[in-house]
Amino acid sequence: MTAIGLIGFERSGKTTLFNALTGAGRATGFTTHVDPHEGVVPAADARLVKLSTLYQPRKTTPAVLNLTDFPGAGFAGALGGRSEPPSTKLLGQLSQLDALIHVVRAFDNDAIPHPAERIDPDGDIETMQLELTFADLALIEKRLQRLAEETKSMKAAERVAADREVDLLRRLQAHLGDGGTLLDAPISEPERADIRHYRFLTERPMLTVFNVDEDAVTDGASERIALSARLEEELRDFDEDEATAYRAELGVGAGAVEMALQETFRLLGLRTFFTVGPDECRAWTVRGGDTAPQAAGKIHTDLERGFIRAEVVRWDDLLVCGAAVGASGAEAEARKRALSRTEGKDYEVQDGDVLHILFNV
Ligand SMILES: Nc1nc2c(ncn2[C@@H]2O[C@H](COP(=O)(O)OP(=O)(O)O)[C@@H](O)[C@H]2O)c(=O)[nH]1
Ligand SMILES: [Mg+2]
């Protein structure tokens, strides 16, 4: 399951956004929580809604992301004169995530003081980047020291691999020192695979969310979006008409939360595929490059083990066929019109595929 973490300084609005995304209704404001909150975010998907309208299944299940809301205090290290770095425990938890969402305080409200008593989104972004970079540099430093010890007693043959690792880590160190991240480090694919087990923090894709005043929402650019977490949390309790009217009054477009999710999907290179039928229509996610058996494995391990082949049709082609002959004949109609294909073990699943897995265990 894809795991995302909300990070940011105290009172930047992480828990508010967590509530907006999950509906968890956790306390916000000065109630600093010590433990992270865990939640599940259903990914709204218009394609799934349309497939469900065709199939009228007993159950419709969206794809979900696991979301963790971290307490802000852990990140206050470089701010406001506090000198504590993030704890080892926090760094360990962060390193397990697939992606990070950095919530940046951009709303103005004297009643809610910023830990550093200033509203400076760009400064906060820089500080957070530094905290993550320092954590990675510390890890590299520790590993280099270990390697220096170990290589002393190594035979020449062993030393080749160790020297190669030292060289790679030194290059990463230099890149971080120049203000880069490990996500954009100029290293080869095999080298990237070699460092994966370190689970460096700046190697995680990160979405920056500017948490702005309710009346200041504008469209964001890629990898940075602006939304009002408080507004989005409040609007959860409105019915659709009320929400639309309220958004119109404030001049705020719909779908800020959906946009945040879509952007997260894009950053992670996630692809959505669907399974359909009278029992359930469901959306699933795989990583870009995952094959049909890997997708099958998301549904059930038996389907991956016993994978024979997949019938594949694009979601919109299936809808067209369904509209012509009804849901029960849609897949047969797609085959007849040569819109569905039979794919084998090497097929790379595409975003928007409807899969029907044939298997044998
Ligand atoms: N005006 C305004 N206040 C917000 C917004 N988002 C959060 N807040 C307020 O900021 C305070 C801190 O929010 P919280 O979510 O607890 O921050 P956290 O410490 O990062 O988890 C709360 O009083 C929220 O109501 C926003 O978009 N606009
Ligand atoms: Mg919080």
Side-chain angles (χ1 to χ4, degrees), residues 4-41 66-80 82 84 86-87 89-90 93-94 97 99-121 123-125 127-129 131-132 206-220 224-238 243 246-247 249-261 263:
I4 315 289
L6 291 170
I7 60 171
F9 298 101
E10 285 174 284
R11 295 184 292 283
S12 57
K14 296 177 300 299
T15 302
T16 308
L17 182 59
F18 178 79
N19 289 341
L21 287 166
T22 63
R26 298 287 192 157
T28 59
F30 283 93
T31 53
T32 34
H33 44 109
V34 181
D35 290 319
H37 301 138
E38 304 280 350
V40 170
V41 185
N66 280 353
L67 187 68
T68 308
D69 168 31
F70 287 95
F75 300 96
L79 278 173
R82 297 182 202 206
E84 279 168 55
S87 70
K89 185 174 159 209
L90 175 62
Q93 288 167 330
L94 289 177
L97 302 168
L100 304 172
I101 297 180
H102 180 196
V103 181
V104 182
R105 164 81 182 258
F107 61 88
D108 222 354
N109 187 339
D110 292 341
I112 306 165
H114 184 288
E117 282 160 15
R118 52 146 177 65
I119 307 299
D120 177 10
D124 285 357
I125 291 171
T127 308
M128 180 59 77
Q129 200 58 52
E131 293 239 14
L132 300 174
M206 185 156 78
L207 174 69
T208 303
V209 170
F210 285 81
N211 192 14
V212 298
D213 284 310
E214 288 82 332
D215 55 2
V217 180
T218 51
D219 289 338
R224 288 186 166 200
I225 65 165
L227 55 76
S228 167
R230 186 147 86 180
L231 175 68
E232 298 301 333
E233 185 190 18
E234 275 171 18
L235 286 177
R236 279 193 78 96
D237 297 331
F238 285 39
Y246 194 38
R247 282 184 192 280
E249 198 179 306
L250 289 168
V252 172
V257 162
E258 284 76 14
M259 207 164 91
L261 283 175
E263 193 58 24

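Each ligand, and each atom within it, is numbered from 1 in the order the structure gives. Excluded from the calculations below are hydrogen atoms, water molecules and symmetry mates; all remaining heavy atoms, backbone and side chain alike, are included. This structure is a prediction, so every number in the text was calculated from the model and none was measured.
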ask   = So, is Glu10 polar-close to ligand 1, with some N/O to N/O distance under 3.5 Å?
value = no
message = Below a 4.0 angstrom heavy-atom separation, can you tell me which part of Asp69, side chain or backbone, both or neither, approaches ligand 1?
response = neither
ask   = Under 4.0 Å from any heavy atom of Ile112, which atoms of ligand 1 are there?
value = 9 (C), 10 (O), 11 (C), 23 (O)
query = With a 4.0 Å cut-off on heavy atoms, is Val103 touching ligand 1?
reply = no
inquiry  = List the residues meeting salt bridge (Lys or Arg N to Asp or Glu O under 4.0 Å) with Glu232, not counting sequence neighbours, and say none if there are none.
reply    = Arg247
query = Is it true that the NZ or CZ of Arg105 lies under 6.0 Å from the centre of Phe107's six-membered ring and within 45 degrees of the ring axis?
reply = yes
Non-hydrogen side-chain atoms of Ile7 and Met206 separated by less than 4.5 Å = yes
inquiry  = Check for me whether Phe9 has a heavy atom closer than 4.0 Å to any atom of ligand 1.
reply    = yes
ask   = Shortest non-hydrogen contact from Ala229 to Gly13?
value = CB-O, 3.9 Å
inquiry  = For a 4.5 angstrom cut-off between non-hydrogen side-chain atoms, does Leu227 reach Leu17?
reply    = yes
inquiry  = Just to be sure I'm reading this right: ignoring hydrogens, which of Ala226, Ser228, Pro113, Ala20 gets closest to atom 27 (O) of ligand 1? Compare them by their nearest heavy atoms.
reply    = Ser228
request  = Could you tell me which residues satisfy side-chain hydrogen bond (donor to acceptor under 3.5 Å, both in side chains) with Asn211, sequence neighbours excluded, listed by chain and number?
outcome  = none
ask   = Is there at least one pair of N or O atoms, one from Thr28 and one from ligand 1, spaced under 3.5 Å apart?
value = no
query = Is any side-chain heavy atom of His102 closer than 4.5 Å to a side-chain heavy atom of Val209?
reply = no
inquiry  = Is it the case that the side chain of Arg26 and the backbone of Phe18 share a donor-acceptor pair, with hydrogens and angles ignored and the cut-off at 3.5 Å?
reply    = no
query = So is Gly8 in contact with ligand 1, going by heavy-atom distances below 4.0 Å?
reply = no
request  = Identify the heavy atoms of Lys14 and Phe9 that sit nearest to each other, and give their distance.
outcome  = NZ-O, 2.8 Å
inquiry  = What I want to know is whether Gly29 and ligand 1 share at least one N or O pair that is separated by under 3.5 angstrom.
reply    = yes
ask   = At a 4.0 Å threshold, what atoms of ligand 1 neighbour a non-hydrogen atom of Ala229?
value = 6 (N), 27 (O)
query = Where on Asn211 is there a heavy atom closer than 4.0 Å to ligand 1, on the side chain, on the backbone, on both, or on neither?
reply = side chain
ask   = Short N/O distance, under 3.5 Å, between Leu231 and ligand 1?
value = no
ask   = Where on Thr16 is there a heavy atom closer than 4.0 Å to ligand 1, on the side chain, on the backbone, on both, or on neither?
value = both
message = So that I can tick it off, tell me whether Asp124 and Arg118 are bridged by a salt bridge, with the cut-off set at under 4.0 angstrom between side-chain N and carboxylate O.
response = yes
message = So for ligand 1, is Gly13 a polar contact partner (N or O within less than 3.5 Å, distance only)?
response = yes
Metal site the Mg ion (ligand 2): N/O/S of Thr16 inside 2.8 Å = no
